[in-house]
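One structure is given here, and the rest of the page talks about it.
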Amino acid sequence: MRATVIHAPGDIRVEDAPEPKIVNPTDAIIRTVATCVCGSDLWPYRGLEPVGDPHPMGHEYVGIVEEVGSEVGNVKPGQFVVGSFATSDNTCANCQKGWQSSCLNREFMGTCQAEYVRIPNAHGTLIATDEHPSGELVPSLLAVSDVMGTGWYAALAAEVKPGSTAVVVGDGAVGLCGVIAAKELGAERIIAMSRHESRQKLALEFGATDIVSERGEEGIARIKDLTGGIGADSVLECVGTSQSMSQALHSARPGGNVGFVGVPHEVAVDGQELFFSQVGLRGGPAPVRRFLPDLIDRVLSGHINPGKVFDLTLPLEQVAEGYKAMDERRAIKALLTP
């Protein structure tokens, strides 16, 4: 099969690789219908995370089940399935409390930019749709496997409630999906922080009521101006840098909450500053599996359309261009078709 491999920063290739096999009785093999490049994939691509030896890439996927292990009873060959970037058995104590991304048997996916993928813990990770969806729905179902689920978690972690004011820091795919989530959860005012016209337009389409293009101290001051001088009830931090975290924490009012889902890079939170801010802080890898049934239903019913974050579609063989376009901010998110 053909699969994406990173060799060094900026060096993404599509190469021949062995087709995956069933290793454990809880595995499944899927034929990928669509996969994509994630903003977090850009960290090693940019040299901000060590690459090490050449290795496969990709953790977002939808596909058709080809084969299942002997202990997989919830899906069968021929079905269209959606899963999460963090696999889970969905039975351990953490899973039962809704924290499947901290499953005691968790494995993070990392081989999905390929024609075929082995899904560990398939029995607790994959959800099959009743029928094969139309091609128009595939991008939104792919978004559910990570960025929509992550944006949803950011909104829940920030405790977005009906009638509240929410700020979204970050205008990538996760941030834009966070706007969708805040609207779905009933926020009355949604302030999207973005400096890019195309992303501002999509944020407004998804439900943002205000756009703030300033960053740093100017951005924080603008948020305060829009919120009666105190800050927002909820802030969704969807980037993962020191600047974005600082901006998020200082944009929340006392008693407000920050949900942070951007993978942190060189982020440090001053304990005394957090203490006196009286701002709540929760984040981490999103327990996407908890949200999958609901989000899949919202997509299939036409209630939400997060697939609009994909503004570049390429064949898998051109995956390097997908990385390059996202790195240069010519694309929000690149969808790949094997």
Tell me, yes or no, whether the heavy-atom count around [X] atom [atom1], taken from other residues, nucleotides or ligands under 6.0 Å, exceeds 12.
X: Asp130; atom1: CG; result: no
X: Glu107; atom1: CD; result: yes
X: Glu218; atom1: CD; result: no
X: Glu328; atom1: CD; result: yes
X: Arg330; atom1: CZ; result: yes
X: Gln278; atom1: CD; result: no
X: Arg2; atom1: CZ; result: yes
X: Lys324; atom1: NZ; result: no

Give a yes-or-no answer on whether the side chains of [X] and [Y] include a donor-acceptor pair shorter than 3.5 Å.
X: His250; Y: Glu217; value: no
X: Gln113; Y: Tyr323; value: yes
X: Asn257; Y: Ser234; value: no
X: Thr241; Y: Ser244; value: yes

Taking the side chain from [X] and the backbone from [Y], do they hold a donor-acceptor pair closer than 3.5 Å?
X: Thr125; Y: Ala122; value: no
X: Asn94; Y: Ser102; value: yes
X: Glu71; Y: Thr26; value: no
X: Gln318; Y: Pro315; value: no
X: Asp233; Y: Thr165; value: yes
X: Glu159; Y: Lys161; value: no
X: Thr87; Y: Asn121; value: no
X: Asp27; Y: Asn24; value: yes
X: Asp270; Y: Glu273; value: yes
X: Ser140; Y: Leu137; value: no

Measuring from [X]:[atom1] to [Y]:[atom2], what's the distance to the nearest 0.5 Å?
X: Met57; Y: Thr111; atom1: CE; atom2: OG1; answer: 11.5 Å
X: Ser145; Y: Leu292; atom1: OG; atom2: CG; answer: 8.0 Å
X: His55; Y: Ile6; atom1: NE2; atom2: CD1; answer: 5.5 Å
X: Ile22; Y: Ser70; atom1: CD1; atom2: OG; answer: 9.0 Å
X: Leu316; Y: Met1; atom1: CG; atom2: CE; answer: 9.5 Å
X: Ile304; Y: Cys177; atom1: CD1; atom2: SG; answer: 8.0 Å

Note, [X] side chain near [Y] side chain (heavy atom, < 4.5 Å):
X: Val299; Y: Val144; result: yes
X: Ile127; Y: Val75; result: no
X: Val174; Y: Val261; result: yes
X: Arg282; Y: Phe260; result: no
X: Ser164; Y: Val160; result: yes
X: Tyr45; Y: Pro9; result: no
X: Arg215; Y: Gln243; result: yes
X: Val167; Y: Val169; result: yes

- Task: Look at the rings of His59 and Phe85 and say which category their plane angle falls in: under 30° parallel, 30 to 60° tilted, over 60° perpendicular.
- Result: perpendicular

- Can you label the angle between the His265 ring and the Trp43 ring as parallel, tilted or perpendicular, going by 30° and 60°?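 Plane angle under 30°, so parallel.
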
State plainly whether one hydrophobic cluster holds both [X] and [Y], where clusters connect Ile, Leu, Val, Met, Phe, Trp and Tyr through side-chain heavy atoms under 4.5 angstrom apart.
X: Leu295; Y: Trp99; value: yes
X: Val279; Y: Ile223; value: yes
X: Leu202; Y: Val168; value: yes
X: Leu300; Y: Val62; value: yes
X: Val309; Y: Leu141; value: yes

- Determine, step by step, whether Ile29 and Glu19 satisfy the side-chain contact (heavy atoms from CB on, under 4.5 Å) criterion, reporting the C-alpha distance in whole Å, the side-chain angles of both residues, the deciding distance to 0.1 Å, and the verdict. CA-CA 9 Å; Ile29 306 297; Glu19 288 190 14; over 6 Å; no

Between [X] and [Y], which heavy-atom pair has the shortest distance, and what is it?
X: Tyr153; Y: Gly284; value: CE2-O, 3.5 Å
X: Glu188; Y: Thr209; value: O-CG2, 3.9 Å
X: Ile64; Y: His132; value: CD1-CE1, 3.3 Å
X: Gln100; Y: Asn90; value: NE2-OD1, 3.0 Å
X: Pro287; Y: Gly98; value: CB-O, 3.4 Å
X: Phe206; Y: Lys183; value: O-CD, 3.4 Å

Are [X] and [Y] ion-paired here, with the side-chain N under 4.0 Å from a carboxylate O?
X: Lys333; Y: Asp311; result: no
X: Asp171; Y: Arg329; result: yes
X: Arg13; Y: Glu317; result: no
X: Glu115; Y: Arg31; result: no

- Message: The test is side-chain contact (heavy atoms from CB on, under 4.5 Å); show your working for Leu314 and Val319 and say whether it passes.
- Response: CA-CA 7 Å; Leu314 297 167; Val319 63; over 6 Å; no

- Task: Using the test side-chain contact (heavy atoms from CB on, under 4.5 Å), find all partners of Ala221 that sit at least two apart in sequence or belong to another chain.
- Result: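 If we apply the side-chain contact (heavy atoms from CB on, under 4.5 Å) test to Ala221, skipping adjacent residues, there are no hits.
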
- Query: Under the side-chain contact (heavy atoms from CB on, under 4.5 Å) criterion, do Val147 and Leu142 qualify, and how do the steps go?
  - Reply: CA-CA 9 Å; Val147 290; Leu142 177 60; over 6 Å; no

- Item | Check against side-chain contact (heavy atoms from CB on, under 4.5 Å), Asn74 and Val72 | CA-CA 6 Å; Asn74 60 313; Val72 178; 3.5 Å; yes

- Task: Using side chain to side chain contact (heavy atoms under 4.5 Å, CB included) as the criterion, point out the one residue from Cys38, Cys112, Ser40, Ser84 that pairs with Asp146.
- Result: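 Testing Asp146 for a side chain to side chain contact (heavy atoms under 4.5 Å, CB included) against Cys38, Cys112, Ser40, Ser84 leaves exactly one candidate, Cys38.
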
